[in-house]
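All remarks here apply to the structure that follows.
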Amino acid sequence: MLTINQIREQSPFVIERLKIKNFDATEIVQHVLDLDRRRREMQAESDSIQAELNTLSREIGAMMKEGRRDEADAARQGIGTRKEKQKQLADTLEAVSAEMQAELVRLPNLPHALVPPGKSAEDNMIIRSGGVIPDLYAGALPHWDLIKKYDIIDFDLGIKITGAGFPVYKGKGAKLQRSLINFFLDEGEKAGYREVEPPIVVNEDSGFGTGQLPDKEGQMYHVGIDNLYMIPTAEVPITNIYRDVILDAAVLPVRNMGYTPCFRREAGSWGAHVRGLNRLHQFDKVEIVQIAHPGNSYESLEEMVSHVENLLVKLELPYRIVRLCGGDMSFTSAMTYDFEVWSAAQQRWLEVSSTSNFEAFQANRLKCRFREKGAKQTTLCHTLNGSALALPRIVAALLENNQTPEGITIPAALVPYTGFGMIS
RNA sequence: GGAGAAAUGGCAGAGUGGUCGAUUGCGGCGGUCUUGAAAACCGUUGUCCGGGCGACUGGACCGGGGGUUCGAAUCCCUCUUUCUCCGCCA
């Protein structure tokens with residue numbers, strides 16, 4: 001969420017910027033400012049009554065010690081009404097603060113100045129593209145047919161075991177998964193990321209910290225009996241490592257990555273374009289996360305973008321990088337690059353990575369701060385993350401783009417991992 | 001799952017109703033001394049929310065939440081977590 005300070009100090013700017021996200025913040029900002037003013041007034045009053053009470057208590061303590069019982073009893077007289085008033089004030093103060101918090105949480109992050117305006121994916125800005133779009137032979141198949149032809153991914157089995165959207169990877173299909181994961185992790189390690197293996201179920205605090213709760217509650221699988229959530233992305237546990245942490249400025253940027261399965265309910269989002277591997281309830285992903293100094297966070301973003309791009313180059317996939325327009329960006333992001341690969345049989349671009357700078361938006365919720373050497377003040381870090389990469393659509397594109405009448409060829413970079421160069 | 005013990009500042013560890021944001025040690029930072037370093041000595045050292053241009057100042061925080069009391073780190077309730085023993089188990 002945005003900080004109250006920023007809203008207090010530059011509310012017209014906040015309102016103006018959010019228009020890029022097609023969000024009219026006028027009312028919320030006004031309401032927040034109003035609540036903030038009331039909150040501060042009440043706290044001043046509450047604090048001063050509390051100060052009086054504290055003094056009185058101390059005096060009574062001294063009297064008791066000296067055995068002046070009568071005086072102590074007398075001093076006790078005025079306390080009841082003050083306590084009552086203080087209690088009332090404190091309760092209202094808490095209610096006002098909670099309301100302010102609830103309002104603050106409704107405001108999306110401010111988009112960066114370079115974010116183009118726009119309503120939908122149509123308005124995204126293509127930054128660059130690479131790779132060669134293949135010419136498929138006549139009779140080339142979409143991946144949902146290829147996986148059956150070569151018996152490497154089985155949706156029906158998944159339906160039997162769990163339900164739709166939980167495929168079973170078999171044989172070379174399973175090996176391909178494992179190879180991609182290892183390849184991504186190895187490349188990440190070369191790029192300076194520390195590998196972590198986090199829990200894949202998280203508590204409410206973590207869900208709130210990265211912004212999945214409360215807004216996107218319905219997107220996560222909830223383990224009701226223990227009130228835990230299955231992660232929709234490794235971003236949640238990996239970023240939450242830094243919840244309630246004060247870092248030394250010298251350690252920034254911190255680079256972590258992890259492979260996890262990801263779980264998404266995708267309620268209500270099924271349609272014509274989500275056949276096969278295009279959208280699943282469970283999928284594998286390697287995620288990279290950086291905690292950066294606010295002064296350098298866009299360098300971190302660029303670094304992450306080149307890392308992801310490098311992966312696509314090594315996989316020899318035709319890709320393009322787009323900077324999302326305001327209307328297509330997520331609630332929490334200040335700047336997002338999407339990576340799309342060309343799916344030759346489907347004749348469309350598939351999103352395989354979304355790499356974002358959240359600036360201080362998540363950090364404010366997480367209370368992830370840093371301190372300059374020798375400084376007394378703490379400052380919010382910037383947090384960033386990106387998929388590097390999400391597997392299913394990569395697999396879809398690899399299968400479709402690399403199909404030949406003899407079988408599916410494996411890109412050279414992967415062969416050391418798979419141990420085979422062809423699925424046939 | 002059953003029984004018991006515990007949770008205090010970066011760490012270790014005092015504190016069982018009163019001036020305690022908290023003794024002390026270690027660590028960190030600054031200084032004295034030294035050619036330099038070590039040792040020794042002196043000082044300093046948490047976070048958050050308010051007020052003030054500022055010096056400074058009010059409030060909160062001893063695992064979380066609630067309660068008793070004029071007053072709670074200390075007493076009571078509850079939740080969470082950790083440790084020990086037993087049971088079960090990859």
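The sequence lines fix the lettering, A, B, ..., with proteins before strands; numbering per chain opens at 1. Just so it is clear, the values below take in all heavy atoms, side chains as well, and ignore hydrogens, waters and symmetry mates.
- Taking the C1' atoms as reference points, B:rU8 lies 14 Å from B:rU24, given to the whole Å.
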Subject >> Letter per nucleotide, 5' to 3', of nucleotides 66-78 of chain B [B base touched, S only sugar-phosphate touched, - untouched; heavy atoms, 4.0 Å] >> reply: ----BS-------
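- Inspection of the A:Ser179 and A:Asn182 side chains reveals no N or O donor paired with an N or O acceptor under 3.5 Å.
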Original post:
In dot-bracket, 5' to 3', how would RNA chain B read with Watson-Crick or G-U wobble pairs under 3.5 Å, [ ] for crossing ones and | for pairs to another strand?
Top reply: ((((((((.[[[..)..(.....]]]((((((.......))))))((((((....)))))).[[[[[..)....]]]]])))))))....
**OP:** For each nucleotide in nucleotides 46-52 of chain B, reading 5' to 3', give B when a protein heavy atom comes within less than 4.0 Å of its base, S when such contact involves only the sugar-phosphate, and - otherwise.
**Re:** -SSBSS-
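- Straight-line distance from the CG atom of A:Asp226 to the P atom of B:rC79: 15 Å, rounded to whole Å.
- A gap of 33 Å separates the C1' atoms of B:rC48 and B:rA5, to the nearest Å.
- A:Phe183 pairs by the ring pair (Phe, Tyr, Trp, His ring centres under 6.0 Å) definition with A:Tyr417, not counting sequence neighbours.
- The existence of a salt bridge linking A:Arg38 and A:Glu41 is excluded, since no basic side-chain nitrogen approaches an acidic carboxylate oxygen closer than 4.0 Å.
- Formation of a donor-acceptor pair under 3.5 Å by the A:Asp34 side chain with backbone atoms of A:Gln30 is not found in this model.
- Within residues 199-208 of chain A, no residue approaches RNA chain B, by heavy-atom distance under 4.0 Å.
- Between A:Asp91 and A:Lys87, at least one side-chain nitrogen of the basic residue sits less than 4.0 Å from a carboxylate oxygen of the acidic one, meeting the salt-bridge criterion.
- Residues A:Tyr221 and A:Val201 have side chains not in contact (no heavy-atom distance under 4.5 Å, counting atoms from C-beta outward).
- Spacing between B:rC76 and B:rG59 at atom P, rounded to whole Å, works out to 28 Å.
- With respect to the salt-bridge test (charged N to carboxylate O, under 4.0 angstrom), the residues A:Lys160 and A:Asp156 do not qualify.
- Taking atom C1' in both B:rG46 and B:rC62, the straight-line distance is 12 Å, to the nearest Å.
- Not a single side-chain hydrogen bond (donor to acceptor under 3.5 Å, both in side chains) links A:Arg371 to another residue, sequence neighbours left out.
- If you take atom C1' in B:rA40 and the same atom in B:rC33, they sit 9 Å apart, rounded to whole Å.
- For the side chain to side chain contact (heavy atoms under 4.5 Å, CB included) criterion with A:Ile147, the lone passing option out of A:Val395, A:Ile152, A:Ile423 is A:Ile152.
- Residue A:Asn54 has a polar side-chain atom (N or O) positioned under 4.0 Å from OP1 or OP2 of B:rA60.
- Protein atom CE of A:Met63 is 18 Å distant from nucleotide atom P of B:rG18, rounded to whole Å.
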**OP:** Please lay out, stage by stage, how A:Asp36 and A:Arg39 fare under the test salt bridge (charged side-chain N to carboxylate O under 4.0 Å, His left out).
**Re:** CA-CA 5 Å; A:Asp36 179 48; A:Arg39 184 188 119 244; 2.5 Å; yes
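- Taking atom C1' in both B:rC88 and B:rA3, the straight-line distance is 16 Å, to the nearest Å.
- With rounding to whole Å, A:Arg243 atom CZ is found 13 Å from B:rG64 atom C1'.
- Judged purely by distance below 3.5 Å, without hydrogens or angles, the side chains of A:Gln50 and A:Asn54 pair a donor atom with an acceptor atom.
- Of the possible polar contacts, one joining the A:His281 side chain to the A:Arg265 backbone as a donor-acceptor pair under 3.5 Å is found.
- For the pair A:Asp73 and A:Arg76, the salt-bridge criterion is met [side-chain N within less than 4.0 Å of a carboxylate O].
- Atom name P, nucleotides B:rC56 and B:rU45: the rounded distance is 12 Å, in whole Å.
- B:rG67 and B:rG28 have their C1' atoms separated by 40 Å, given to the nearest Å.
- Inter-residue side-chain proximity for A:Thr260 and A:Glu287 is flagged as unmet; no heavy-atom pair is nearer than 4.5 Å.
- As rounded to whole Å, 14 Å separates atom C1' of B:rG1 from atom CD1 of A:Ile225.
- Residue A:Ala72 is classed as having no contact, given no heavy-atom separation below 4.0 Å to the nucleic acid.
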